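Taking it in order: structure first as structure tokens, then the write-up.
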Amino acid sequence: MGWAKRVITVNGQEVTIAGVGGVLVSPAGRGHHLGQQLMEAARQSMLADPDIEFGFLGCAESVVPFYASSGWQRIRAPERWISREGRAIASPAGHPLFILPVHGNAAEWPTGEVDLKGRSW
């Protein structure tokens, strides 16, 4: 797994996030809580940067229970990003998006469209 710091906008308001991607545990490693250990290590590393307000990620519906059990909170919002081909993509609200309060709290997350200001992770 990895994360990258980025300033995005949510309903026009700037928010500094750690965008998370590439969360993978090999089939042989599953069932040993390695994923939760990775998520906690990521959270700890995010805490080292005082500017990061939230962790942010999108995922498949099949892994929603994992992120929810790791302390991430699902939000409902439309999302914009740039594809690998350089096209602007817009997704309606409903697909799984999660935030993790780092130096902010969940009540401070603005409502409205999330613009990643670049490619997703």
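Just so you know, these numbers come straight off a predicted model, no measurement behind them. Every heavy atom of this structure was used, including side-chain atoms; hydrogens, water molecules and symmetry mates were not. Positions are given from 1, in the same order as the sequence printed here.
- No side-chain heavy atom of P92 sits less than 4.5 Å from a side-chain heavy atom of P78.
- Aromatic ring pairs are classed by plane angle as parallel below 30°, tilted from 30° to 60° and perpendicular above 60°; the pair F56 and W109 is parallel.
- In this structure a side-chain-to-backbone donor-acceptor pair under 3.5 Å is present from H103 to D49.
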| task | Determine, step by step, whether W81 and I8 satisfy the side-chain contact (heavy atoms from CB on, under 4.5 Å) criterion, reporting the C-alpha distance in whole Å, the side-chain angles of both residues, the deciding distance to 0.1 Å, and the verdict. | result | CA-CA 10 Å; W81 70 94; I8 65 170; over 6 Å; no

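- Here R74 pairs with E61 in a salt bridge; the nearest charged N to carboxylate O distance falls below 4.0 Å.
- Here the CG atom belonging to L100 is positioned 11.5 Å from the CD1 atom belonging to I17, to the nearest 0.5 angstrom.
- Taking each heavy atom of V25 and G29 in turn, the nearest pair found is CG1-C, 3.7 Å.
- Annotation for V10 and G112: closest pair CG1-O, 3.8 Å, computed over non-hydrogen atoms.
- Two residues are said to be in side-chain contact when any heavy atoms from C-beta on lie closer than 4.5 Å; P101 and Q73 meet this criterion.
- Shown here for R76 and A93, the closest heavy-atom pair between the two residues is NH2-O, 4.0 Å.
- In this structure, OG1 on T111 lies 6.0 Å from CG on N11, to the nearest 0.5 angstrom.
- Between M1 and M39, some side-chain heavy-atom pair lies under the 4.5 Å cut-off.
- In plain terms, the two heavy atoms of A18 and W3 that are nearest each other are CB-CE3, 3.3 Å.
- Connection of I52 to V7 is not established within any shared hydrophobic cluster, with ILVMFWY side chains joined at heavy-atom distances below 4.5 Å, either directly or through further cluster members.
- Of all non-hydrogen atoms in L97 and G58, the two that sit nearest each other are CD2-CA, 4.0 Å.
- Looking only at atom types and distance, the side chain of Q36 has no donor-acceptor partner in the side chain of E40 under 3.5 Å away.
- Judged purely by atom type and a 3.5 angstrom limit, E53 has no side-chain atom pairing as donor or acceptor with the backbone of V15.
- Atoms CG and OG1, on D115 and T9 in that order, are 4.0 Å from each other to the nearest 0.5 Å.
- Here the closest non-hydrogen pair linking C59 and V63 is CB-CG2, 3.7 Å.
- There is a path of hydrophobic side-chain contacts, each under 4.5 Å, that joins W72 to V23.
- Heavy-atom neighbours of R30 CZ from other residues, nucleotides or ligands within 6.0 Å: above the threshold of 12.
- Annotation: H33, atom NE2; neighbour count of heavy atoms from other residues, nucleotides and ligands within 6.0 Å does not exceed 12.
- Note that CD of E14 is 13.0 Å distant from CZ of R6, once rounded to the nearest 0.5 Å.
- The shortest distance between side-chain heavy atoms of R80 and L116 does not fall below 4.5 Å.
- No single ILVMFWY cluster, assembled from side-chain heavy atoms under 4.5 Å apart, contains both W121 and L38.
- In the hydrophobic clustering of this structure, L34 groups with Y67; members are Ile, Leu, Val, Met, Phe, Trp, Tyr whose side-chain heavy atoms approach within less than 4.5 Å, directly or through other members.
- Looking at H95 and E79, their side chains come closer than 4.5 Å, going by heavy atoms from C-beta outward.
- Side chain of S83 to main chain of R87: a donor-acceptor pair is present (N/O by atom type, distance under 3.5 Å, no hydrogens or angles).
- Tracing side-chain contacts under 4.5 Å through hydrophobic residues (I, L, V, M, F, W, Y), one never reaches I99 starting from L57; they form parts of separate clusters.
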